[in-house]
There are 2 protein chains.
Amino acid sequence: MSPFAQTMLALGLGLGLCLAGGSACRSEDASPEASAAAIGRAALDDMTPYRTVESLTTEVGQRLAGTEAHARAVLWAQAKLKELGFENVHIEDFLITAWIRGAETATVTSPAIQQLAVTALGGSVATDPNGIEAEIALFRSYAELLASPPGSLAGKIAVVTQRMVRAADGGGYGAANPIRRAGPSEAARRGAVAYLLRSLATDNHRLPHTGALNYQEGAPRIPAAALSMPDADQLERLAARGKVRLRLVLTPTTRDNAPSWNVVGEVKGREHPEQIVLIGAHLDSWDLGTGATDDGAGVGIVTSVGRLIAALPQHPRRTLRVVLFGSEEMDNSGPAYAAAHADEAKNIVIAAEADFGAREVYAAQLPPGAADSAFAKSLSEAIAPLGAFLDRRPALGGGDDMRGLQKAGVPVTSLRQNGLDYFDTHHTADDTLDKIDPKQLSQATSVWAAFVYLAAETDVDFRALAAAAPH
Amino acid sequence: MSPFAQTMLALGLGLGLCLAGGSACRSEDASPEASAAAIGRAALDDMTPYRTVESLTTEVGQRLAGTEAHARAVLWAQAKLKELGFENVHIEDFLITAWIRGAETATVTSPAIQQLAVTALGGSVATDPNGIEAEIALFRSYAELLASPPGSLAGKIAVVTQRMVRAADGGGYGAANPIRRAGPSEAARRGAVAYLLRSLATDNHRLPHTGALNYQEGAPRIPAAALSMPDADQLERLAARGKVRLRLVLTPTTRDNAPSWNVVGEVKGREHPEQIVLIGAHLDSWDLGTGATDDGAGVGIVTSVGRLIAALPQHPRRTLRVVLFGSEEMDNSGPAYAAAHADEAKNIVIAAEADFGAREVYAAQLPPGAADSAFAKSLSEAIAPLGAFLDRRPALGGGDDMRGLQKAGVPVTSLRQNGLDYFDTHHTADDTLDKIDPKQLSQATSVWAAFVYLAAETDVDFRALAAAAPH
């Protein structure tokens, strides 16, 4: 008998007897709190999350939205959800503009030839096939770029080498995000012909970090790429010595109306199947690595939670829905899902996405007004033995793919993961399976499982708690 | 006054007054042991080693032997040696077969397309421009490959994924070296059409480690490349699932009779200018990174030692010769130097190369028979305050470029550096300046300086000590 079944049996959930064809398949013997704790404990010993990431990253590898590889990942996901015991496994399609990486090189041509490690930002336009060569204008802070007057960068390649701050909650990424998202248009407004930034990251390897940009209305669209940390350092040193010229070659292409898919599986609720606890992760990845921590880990977490819930002697009262989003990195799948499910939003009790790597969950943040609820107390007790605490501050967001639902009024939760080294490998070729510690991933899954079980089994009403909360 | 000059002054070497035009420029006031200790202490505070590496890696960058970049490095080195106070600065030319990297890609074509991170081994022949596609035969140990019978790899791409062991003294590299050096020919003898190995390294990044191979007589020359660690892992997992096909593209080229140069500078001995203490490092680097730890660090160490010695109130009795070798990575410069200086070998008192990174020197190994000498006692006392000890085991080698001299009877010494993480970045794109801790580099330089001063100032005769030693 598996440790999982043993634990369930010992706790009176009767799974062992159920699986053996016995008659003790009732859960009334255990309170929701005890069951949540038992599921959490069982998850701690469950290697399914790691095995799932191993399968995805080995058998599919990278799976950039809009590519043949992502289509393979969708087939993989449907098969995996069925294998893990989900019901109603299906795909929901939508259209995207696929962005496909091309050649990408940057060469210092003066004072002497040196190759730099760069990678195009997602959504970047291409340079001329022979590249663009120009003198650089280097800014050690983004504020300096923003302070430079219109026209001051005419004909130049703007380079911003500001460093992102390492922080356990990943706060440095949010603070630095405009450098990548808005920087290209800000530089273009000032006359720049191309844009480079120090990767938004915390490592010191020659592996640049990609990520999406957002061109702004009214600004010319210029090619943009990220430098690895050592290359940003090198440009700082070269620029301190005198003028530097660069040749940048980026040849990405785009394809309009490319198909993408969200993959969905459910564990139907036994009493209120129409009430939905929605958890997600994104199946797409950037194309440089194999998307192990971003977001294979999230896929491993939410699908393993579903497996644990589906294997219970009886389903929780509410439906658990797992959504594997198809185009998070280019910001397409969350809006597509929210648009397709606008009428259903009112039935979604709570929503959350696992998309912050593979390390341990150390805290849970609930929607506004829930911190003093009976639910919060139950959750706090269930996750304490798993190594997590209730953070009384309300969740600000539930993950990138949840923004559309959140705007539509769906309450969101945030299970906080240790992200101290998440941005060492995030969006690079280095995002590979070896970066994952299976035990930490199982711990994260255990907290998710306890949360999901409680949300699906109890009658917690996060909307009502928020409405009753003092403003 | 600099900390260096202050230290010298305080210890009666009178450098401060000498530099100020005073008359106290005699060293008789201090014993060789005291002077060695003082030079070592001064070196601990000297940033010249780091500044030298910074200059080389920033202004020149990579400097593969046989390329225009290496020729620029040679100009840089001549100017730097003069700037640092060397005499008799000159170059000594020799001819090499230059090997120039081309395109290098590896793609899993079956069961599904995935890109792998690879880099050609130095000296590898090229594939067809369109690459070579074949099924792989994967061996988790090199011994398994060697045990496979002739013909058993016919038409296959042989892959060896054995792991190199991490060890502070770098011993894992020597043990694993045949996998890279001899593996291609061993695989070819068994019918393989190409060869891949897990990089000889200790990191887990997507940056493969290059390095030279040695084709053996009588074996077909097949293309050979190194996989990054995560890619070797990936092939192991894929091979465990079934047949794997790969397409390998490598397009390096060679150029015969390419010029290369050893760059030499000296501090002439005041009593026995014909007796030579020879220390070296190699100026060439692999082309992927900027050769910061391999061997910019060594260049920083030996040139800074020379600067310290040259700045003394009076030169040591013997000549210090610094040689910056021009083609260590492809094994050309050591033999060229030994051949050109065969007649002079008898006058070389001791020889050693700094070529094991930028971390601290923790021990010194002397030639056979010297461990109980007065020299060893003096050295032990001089380096103890610097954080190093005398290792009584004899030095087995003095560095790759010293092998020819050693064969010609020149005694060699080995100043042992902490190499625990040396093979994390060795021979990769990641060998960049940020990997160097300036203080550790200065400490290494301090032990070198103390050793060199004692060897040049005393009448130690390592040949006589070796001859008198019990066998």
Side-chain angles (χ1 to χ4, degrees), chain A residues 51 53-64 67-69 71-73 75-76 101 103 107-108 111-117 203-208 228-242 244 287-290 292 424-425 428-436, chain B residues 51 53-64 67-69 71-73 75-76 101 103 107-108 111-117 203-208 228-242 244 287-290 292 424-425 428-436:
Chain A
R51 280 199 297 266
V53 187
E54 194 264 4
S55 170
L56 175 60
T57 58
T58 301
E59 294 157 22
V60 180
Q62 74 83 16
R63 46 202 179 273
L64 185 68
T67 65
E68 170 272 345
R72 281 192 282 117
L75 294 176
W76 173 94
R101 190 177 306 281
T107 309
V108 175
I113 289 176
Q114 292 189 31
Q115 300 299 327
L116 304 176
D203 64 296
N204 69 337
H205 299 295
R206 293 289 294 290
L207 295 167
S228 87
M229 306 293 143
D231 293 282
D233 294 345
Q234 184 81 332
L235 281 186
E236 286 183 349
R237 288 189 296 265
L238 285 169
R241 280 162 161 85
V244 178
D287 52 335
L288 301 171
T290 62
D424 286 357
T425 58
T428 70
D430 232 355
D431 185 4
T432 46
L433 183 66
D434 51 288
K435 309 307 183 300
I436 295 182
Chain B
R51 279 199 298 266
V53 186
E54 195 265 3
S55 170
L56 175 60
T57 58
T58 301
E59 294 157 23
V60 180
Q62 73 83 16
R63 45 202 180 275
L64 185 68
T67 66
E68 170 273 344
R72 283 192 282 115
L75 293 175
W76 173 94
R101 190 176 306 282
T107 309
V108 174
I113 289 176
Q114 293 189 32
Q115 300 299 327
L116 305 176
D203 64 296
N204 68 338
H205 299 295
R206 292 290 295 286
L207 295 167
S228 87
M229 305 294 143
D231 293 282
D233 294 344
Q234 185 80 332
L235 281 186
E236 286 182 350
R237 288 189 295 267
L238 285 170
R241 281 163 161 87
V244 178
D287 51 336
L288 301 172
T290 62
D424 286 358
T425 58
T428 71
D430 231 357
D431 184 3
T432 48
L433 184 65
D434 52 287
K435 309 307 182 301
I436 294 182

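Note that the coordinates shown come from a computational prediction; the quantities given were computed from them, not determined experimentally. Chain naming here is simple, since letters A, B, ... match the order of the sequence lines and numbering starts at 1 in each.
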Report the residues that fulfil side chain to side chain contact (heavy atoms under 4.5 Å, CB included) with B/Leu75, sequence neighbours left out, ordered by chain and then residue number.
B/Gln78

So which residue, A/Lys435, A/Glu68, A/Gln115, ends up with the most heavy-atom pairs under 4.5 Å with chain B?
A/Lys435

Structural part of A/Thr432 lying under 4.5 Å from a heavy atom of chain B:
side chain

How far does CG of A/Asp434 sit from CG of B/Asn204, to the nearest 0.5 angstrom?
4.5 Å

Okay, A/Val60 and chain B: the region with an atom under 4.5 Å from a heavy atom over there is backbone

With only heavy atoms counted, which part of A/Asp233 is less than 4.5 Å from chain B, the side chain, the backbone, both or neither?
side chain

Residue, of A/Arg237, A/Gln62, A/Arg72, that accumulates the most heavy atom pairs under 4.5 Å with chain B
A/Arg237

Side chain, backbone, both or neither: which part of A/Thr67 has a non-hydrogen atom closer than 4.5 Å to chain B?
neither

Please answer whether the main-chain N or O of A/Thr425 pairs with a side-chain N or O of A/Asp430 as donor and acceptor at a distance below 3.5 Å.
no

Could you work out, with side chain to side chain donor-acceptor pair (under 3.5 Å) as the rule, every residue matching A/Arg63, not counting sequence neighbours?
none

Electrostatic pair A/Glu59-A/Arg51, nearest N-O below 4.0 angstrom:
no

What part of A/Ala429 is in contact with chain B, defined as an atom under 4.5 angstrom from a non-hydrogen atom: side chain, backbone, both or neither?
both

Heavy-atom distances under 4.5 Å only: say whether A/Pro111 touches chain B with side chain, backbone, both or neither.
neither

If you tally heavy-atom pairs under 4.5 Å between each of A/Met229, A/Gln234, A/His205 and chain B, the highest tally belongs to A/His205

Note: A/Thr428 and A/Leu288 closest approach over all heavy atoms is C-CB, 3.7 Å

With distance as the sole criterion, is a donor-acceptor pair present between the side chains of A/Asp231 and A/Ser228 under 3.5 Å?
yes

